[in-house]
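Numbering of residues begins at 1 and proceeds along the displayed sequence. In what follows, every heavy atom counts, from backbone to side chain, and hydrogens, waters and symmetry copies are set aside.
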Amino acid sequence: MKEPLITRKTLIDLGFPKCKAVSVALKIIETSMEDTPRETLMDTMRSLAQNPEPYRTHEELGVVANEIISHRQKQPTPLLDTAMPYEVFGSEGIDPGAILQMETAMRLPVTRAGALMPDAHIGYGLPIGGVLATENAVIPYAVGVDIGCRMCLSLFDLPVSLLASDSHRMKEVLNQNSRFGKSTFRHPLDDAIMEREEFKEIDIAKRMKDRAWSQLGSSGGGNHFVEFGTVTISSQNNRLGVAPGEYLALLSHSGSRGLGASIAKHYTDLAKELCPLPSQARHLAWLDLNSAEGTEYWAAMTLAGDYASACHHQVHHRFATALGAETIRMVENHHNFAWKETDAQGRELIVHRKGATPAGEGILGIIPGSMTAPGFIVSGKGKPESIDSASHGAGRQMSRTQAKNSLLQAEVSAYLEQHGVEVIGSGLDEAPMAYKDIHQVMDYQQDLVNVEGTFSPRIVRMCGDKGYFEVD
């Protein structure tokens, strides 16, 4: 492949602002200036960046000059003087930094409602555990980097005794049928998701298609996992529609891999160009859903969410096949997404749930604890105060760095053994002690969800320190 005369980084180093002017200039260089000596090209681009006014009438570069001038004339959109009111669930355990981020989000002129879940902690832009409802605007960083990250739970028709009596085989199945971080399957399974039109029509998706194919059916790093455990159902009238009892189960947590991360970065950069905000709110830049950019992001976000679901379904299919098991019931829910929902006033709002679980009336979901604490199968109560939402887990009480610096491997290993849990591949940053008490978190949201059953981890596989991790 022919090397480009000038790259995006080169133009920015020459003084170009990070805006649409860069991509327009690169296109012109590629199509109309390919025979220009590189040194002459560099001088022209430097001059254009430093003083675009004389180039406004230039036959080819006029459009670039006008983009630069327009960008530099833009003033940041002002925030509201005071934050709109919002509900906080479990405020005693929430980092003040997350509260500050939420209050900033509640000062956006497009914001209509918000809520903060009890597992909340600091993120980029909107805090993790933040729910934000806007009008006709979608905020890529309020959706998050790992678009459509989700939980998926399968109940199998196998005895739970296998976890103890045949633990060696269960670990082998776990190792052979899951991949994390940079490790992927050599031969991904076929899936209709790869035939979606968005992979042909949206440039960023088109560029990421080969990588998405290679990562299909794999899981990310960080707090993503695939684990065997037991599900306990106590009530005869549970919303899963299964008989009370104990079930062998598989639980997975992962998202849209490199595809989602690339979509998030591309459209966040675009939103920042089109919607400059004061520095404290710059990650909350939005795209108007009436615009071409907003419409395209919505389609790309939807693709990434469906891709994440396809990854989980492949994981669970591989495991069921390896075990010779039938799936009795599957429950799946996602976060890091935006939904079009109607509020009590009849307005269509864009509800961003960044690390928050949909909890509309009767909607099923899974709220995990840690590798030694139970997860909860829940059904939503549909509370307007939480914008029909609940937490997506226990939430961190230690940062990754803090956990690595303060915990010892020996004490973590002893803790896991004490709880009867085997772990493959986890780093200290994901130790159980790094997370809040899931029971306390569930107490804070008794008004938001009903508990339909519990999941107890037994054999856990994660990426470990050698893989990269994606922000939740």
- prompt: How far apart are the C-alpha atoms of Arg196 and Glu198, what are their side-chain angles, what is the distance that settles it, and do they pass the salt bridge (charged side-chain N to carboxylate O under 4.0 Å, His left out) test?
  reply: CA-CA 5 Å; Arg196 286 275 287 269; Glu198 293 93 331; 3.1 Å; yes
- prompt: Is a side-chain N or O of Glu135 found less than 3.5 angstrom from the main chain of Arg112, in a donor-acceptor match?
  reply: no
- request: Anything under 30° is parallel, anything over 60° is perpendicular, the rest tilted; go ahead and classify His58 against Tyr55.
  value: tilted
query: Under the 3.5 angstrom rule, does the side chain of Ser291 hit a backbone N or O of Asp288 as a donor-acceptor pair?
result: yes
- request: Using modelled atom types only, decide if a donor and an acceptor are shared between the side chain of Ser389 and the backbone of Ser386 within a distance under 3.5 Å.
  value: yes
- request: Apply the test side-chain contact (heavy atoms from CB on, under 4.5 Å) to residues Leu287 and Trp298: give CA-CA distance (whole Å), side-chain angles for both, the deciding distance (0.1 Å), then the verdict.
  value: CA-CA 10 Å; Leu287 297 170; Trp298 194 269; over 6 Å; no
- prompt: Stepwise, does the salt bridge (charged side-chain N to carboxylate O under 4.0 Å, His left out) test hold for Lys206 with Glu201?
  reply: CA-CA 7 Å; Lys206 192 185 304 182; Glu201 297 172 352; over 6 Å; no
- request: For Lys272 and Ala285, indicate whether the former's side chain and the latter's backbone hold a donor-acceptor pair under 3.5 Å.
  value: no
query: Just by distance, with hydrogens left out, do His224 and Asp146 show a side-chain donor and acceptor under 3.5 Å apart?
result: yes
Crowding at CD, Glu39 (>12 non-hydrogen neighbours, <6.0 Å): no
field: Nearest non-hydrogen partners of Met398 and Leu407, listed with the distance
entry: CE-CD2, 4.2 Å
- prompt: Does any N or O in the side chain of Asp119 come within less than 3.5 Å of the main-chain N or O of Gly393, such that one atom is a donor and the other an acceptor?
  reply: yes
Cationic N near anionic O, under 4.0 Å, Asp203 to Arg207: no
- prompt: Can Arg396 be said to sit on top of Tyr435's aromatic six-ring, NZ or CZ under 6.0 Å from centre and within 45° of the ring axis?
  reply: yes
task: Could you point out which residue of Ile202, Ile263, Ile204, Thr302 forms a side-chain contact (heavy atoms from CB on, under 4.5 Å) with Tyr297?
output: Ile263
- prompt: His312 vs His316 aromatic rings, parallel, tilted or perpendicular, using cut-offs 30° and 60°?
  reply: tilted
message: Testing the basics here: between Val143 and Lys354, what is the closest heavy-atom pair and its distance to 0.1 Å?
response: O-CG, 4.0 Å
- prompt: For the side chain of Arg461 and the backbone of Phe180, is there at least one donor-acceptor N/O pair under 3.5 Å apart?
  reply: no
message: Can a donor-acceptor pair be found, under 3.5 Å and without considering hydrogens, that links the side chain of Ser406 to the backbone of Gln402?
response: yes
field: Whether His283 and Tyr124 hold their rings parallel, tilted or perpendicular, with breakpoints at 30° and 60°
entry: perpendicular
task: Taking all non-hydrogen atoms of both residues into account, name the closest pair between Asp190 and Gln314 and its distance.
output: O-NE2, 3.7 Å
- prompt: Which heavy atom of Ala113 sits nearest a heavy atom of Met106, and at what distance?
  reply: C-CE, 3.8 Å
- request: For residues Phe319 and Asn177, report the shortest heavy-atom separation together with the two atoms involved.
  value: CE1-O, 3.4 Å
query: So, for Thr372 and Pro432, which heavy atoms are closest and what is the spacing to 0.1 Å?
result: OG1-CB, 3.3 Å
task: Please confirm whether the backbone N or O of Ala120 pairs with a side-chain atom of Lys436, one donor and one acceptor, at under 3.5 Å?
output: yes
field: Exceeds 12 heavy-atom contacts within 6.0 angstrom, atom NE2 of His71
entry: yes
task: Keeping the roles fixed (side chain from Thr44, backbone from Thr40), state whether a donor-acceptor pair exists under 3.5 Å.
output: yes
query: Is atom NZ of Lys340 surrounded by more than 12 heavy atoms (other residues, nucleotides or ligands) closer than 6.0 Å?
result: yes
- prompt: For Lys383, does the NZ atom have more than 12 heavy-atom neighbours from other residues, nucleotides or ligands under 6.0 Å away?
  reply: no
field: Atom NZ of Lys20: over 12 foreign heavy atoms under 6.0 Å
entry: no
message: Is it the case that atom CD in Glu59 sees more than 12 heavy atoms from other parts of the structure closer than 6.0 Å?
response: no
message: Can you classify the ring geometry of His253 versus His392 as parallel (below 30°), tilted (30 to 60°) or perpendicular (above 60°)?
response: perpendicular
